[in-house]
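Have a look at the structure below, then the notes.
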Amino acid sequence: MQNAKLKSYLHLHLIVFIWGFTAILGKLLSIDAIPLVWYRMLLASVLIYIYIRLKKTSLKVSPRKLLNYIFGGVVIAVHWITFFYAIKIANISVALATMSTGAFFAIFIEAIYKKNKIDVKELIFGVLAIVGLYIIYRAEISLQLGMLVALLSSFLSALFSVFNADFIKQESAVVISFYEILFGVLAVSVFLLYKGDILTTSFYTLKPMDYLWLFILSSVCTAYAFIVSVDLLKKLSAFTVMLTINLEPIYAIILAVLLFPENEKMSSSFYIGAGVILLTVIANGILKTQGKRQ
C-alpha cells in the first residue's frame, strides 16, 4: 500500500515536470503562437478521442453542456495562445512567474461568479503576489509586454478553472476535455480561415524538428498528462496534489535556465519578485487545503 502511494506521488511529480516542460517546447517550436495552439489542440483532440473509443466512453451530452464546453474551449484556446506568445516575446522565466498569479485571479472570479466572500488571508496573499509582480515589472523593462500578455493568460487560466470546477460535477473529465479541446481548435480554425492562413501551403510546412516537438506537446504534455492527472486525484489527497502542482513554474524556470542560459539570464530583482509570488502561492495552497481538512 505504501509503495503504491509512493509510486503515485512520484508519478504526480513526473506529470508536473511534464507540464513545466510545455513552456520549453513552446520556445523550441519555430512556429508562431496561433498555429502552434492549432496543431496542439488538433492532435490532442484526436489522441483523446482514440482513448475514449478504447475505453468505450459515451460522448453523449446535452445541448446546454455543449454550449458550456464551447465557452471553455474558446477560453482555453486563447489562454494557450497568449501563454505561448508571452514566451516568444519575453522568455520562459517571466511568463511562468507571471502565470503563478492565476490562483489569486480565481479568488476574485469566484467571488463574482459564485458570490463567495473573499477571505482576508487570500486577499493579503494576493497583494503580496502583486508586489512580486511589480518588482519583476520594474526590473525587466524590455520584457514588460510579454509580462502583460502572460498576465492576461493567467487570468484566462483562472477563468477556465473556475468554470470547469462546475462542469466537472456533471460530466466525465475526459469527455469535458475532449469537447473543450475540439471546440477550441474549431474556434482557432475559424480565425485562421478568416485570416486566410489555414488555406496556404506554407501553414503546413514545418521544420523537421517541429513535427517531433508538436507530437510530444500534444501526446505527452496534453493528452497523457491530463488523463493521468485525473486518475491520480483518486489516489492522492488534494493537499498533496495542490502543493506539487505549485512546483510547476519552479521546474520550468530551472529547465529554462539550464537549456537557454543566455536568454533566461535574469536580474536579481526578478528572482526576488518571482520568489515572493511562488512563496505566496505555496503558502496559500497550504492554508486553503488545511482549512478544507478541518
Side-chain angles (χ1 to χ4, degrees), residues 14-51 73-74 76-96 98-99 143 145-146 149-150 152-153 156-157 177-178 180-228 248-249 251-265:
L14 173 63
I15 295 303
V16 174
F17 180 83
I18 287 170
W19 283 335
F21 193 68
T22 298
I24 304 297
L25 290 173
K27 196 74 176 178
L28 290 171
L29 280 156
S30 65
I31 55 178
D32 292 335
I34 296 177
L36 190 163
V37 171
W38 185 82
Y39 276 109
R40 177 188 189 178
M41 298 187 91
L42 179 66
L43 293 171
S45 61
V46 171
L47 292 169
I48 294 175
Y49 179 76
I50 292 171
Y51 176 82
V74 172
I76 197 63
V78 180
H79 156 62
W80 279 341
I81 288 169
T82 50
F83 172 67
F84 287 116
Y85 183 58
I87 287 172
K88 289 182 179 295
I89 63 174
N91 62 25
I92 295 169
S93 298
V94 166
L96 266 294
T98 307
M99 285 294 298
L143 305 177
L145 178 59
V149 174
L152 172 60
S153 183
L156 291 170
S157 174
S177 179
F178 168 73
E180 287 181 336
I181 291 177
L182 177 65
F183 287 128
V185 74
L186 289 175
V188 177
S189 297
V190 170
F191 177 77
L192 290 170
L193 193 61
Y194 172 77
K195 287 184 65 185
D197 294 353
I198 204 168
L199 300 175
T200 63
T201 54
S202 60
F203 182 84
Y204 304 98
T205 305
L206 307 177
K207 291 183 178 180
M209 288 304 295
D210 283 342
Y211 291 102
L212 174 62
W213 302 141
L214 280 171
F215 179 75
I216 294 172
L217 179 64
S218 305
S219 58
V220 180
C221 299
T222 307
Y224 168 76
F226 177 82
I227 291 168
V228 172
E248 180 189 344
Y251 285 148
I253 290 172
I254 291 172
L255 279 171
V257 171
L258 291 174
L259 296 174
F260 311 106
E262 293 302 317
N263 192 52
E264 299 294 329
K265 190 176 182 180

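Just the heavy atoms: all of them, side chains too, but no hydrogens, waters or symmetry mates, feed the values below. Fair warning: this is a prediction, and the values are worked out from it, not measured in the lab. Numbers for residues simply follow the sequence, beginning at 1.
Heavy-atom contacts from other residues, nucleotides or ligands closer than 6.0 Å to CZ of Phe260 number more than 12. Annotation: Tyr194, atom OH; neighbour count of heavy atoms from other residues, nucleotides and ligands within 6.0 Å does not exceed 12.
We find the CZ-CG distance between Phe21 and Leu259 to be 7.0 Å, quoted to the nearest 0.5 Å. One distance of note links CG of Leu212 with CG of Leu25; it measures 8.5 Å at 0.5 Å rounding. Remark: Ile254 CD1 to Ile92 CD1 distance equals 13.0 Å, nearest 0.5 Å. In this structure, CE in Met41 is found 9.5 Å from CD1 in Ile48, a value given to the nearest 0.5 Å. In this structure, OG on Ser45 lies 12.0 Å from CZ on Arg40, to the nearest 0.5 angstrom. Atom OH of residue Tyr51 and atom CG of residue Leu47 lie 13.0 Å apart, to the nearest 0.5 angstrom.
Proximity of a side-chain donor or acceptor of Asp32 to a complementary backbone N or O of Ile34 within less than 3.5 Å is not detected. For Thr222 (side chain) and Leu217 (main-chain N/O), a donor-acceptor pair under 3.5 Å exists by modelled atom type. The main-chain N or O of Thr201 is found under 3.5 Å from a side-chain atom of Thr205 such that the two form a donor-acceptor pair.
When Ile15, Ile24, Ile18 are each tested for a side-chain contact (heavy atoms from CB on, under 4.5 Å) with Cys221, only one passes: Ile18. A side-chain contact (heavy atoms from CB on, under 4.5 Å) with Trp38 holds for exactly one of Asp197, Val188, Leu43; it is Val188. With Tyr39 as reference, Phe203 is the one residue of Phe203, Tyr211, Phe215, Trp213 to meet the ring-ring contact (aromatic ring centres under 6.0 Å, His included) rule.
In terms of heavy atoms, Val37 sits closest to Ala77 at CG1-O, 4.0 Å. Taking all atoms of both residues into account, the shortest heavy-atom contact from Ala150 to Met99 is O-SD, 3.5 Å.
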Distance-only criterion, 3.5 Å: show the donor-acceptor pairs between side-chain atoms of residues 81-90 and protein atoms not counting sequence neighbours.
{"unit_1": "Thr82", "atom_1": "OG1", "unit_2": "Val78", "atom_2": "O", "d": "2.9"}
{"unit_1": "Thr82", "atom_1": "OG1", "unit_2": "His79", "atom_2": "O", "d": "2.9"}
{"unit_1": "Thr82", "atom_1": "OG1", "unit_2": "Ser153", "atom_2": "OG", "d": "3.3"}
{"unit_1": "Lys88", "atom_1": "NZ", "unit_2": "Gly26", "atom_2": "O", "d": "3.0"}
{"unit_1": "Lys88", "atom_1": "NZ", "unit_2": "Leu29", "atom_2": "O", "d": "2.8"}
{"unit_1": "Lys88", "atom_1": "NZ", "unit_2": "Ile31", "atom_2": "O", "d": "3.1"}

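At a threshold of 4.5 Å between non-hydrogen side-chain atoms, the residues Phe17 and Leu255 count as touching.
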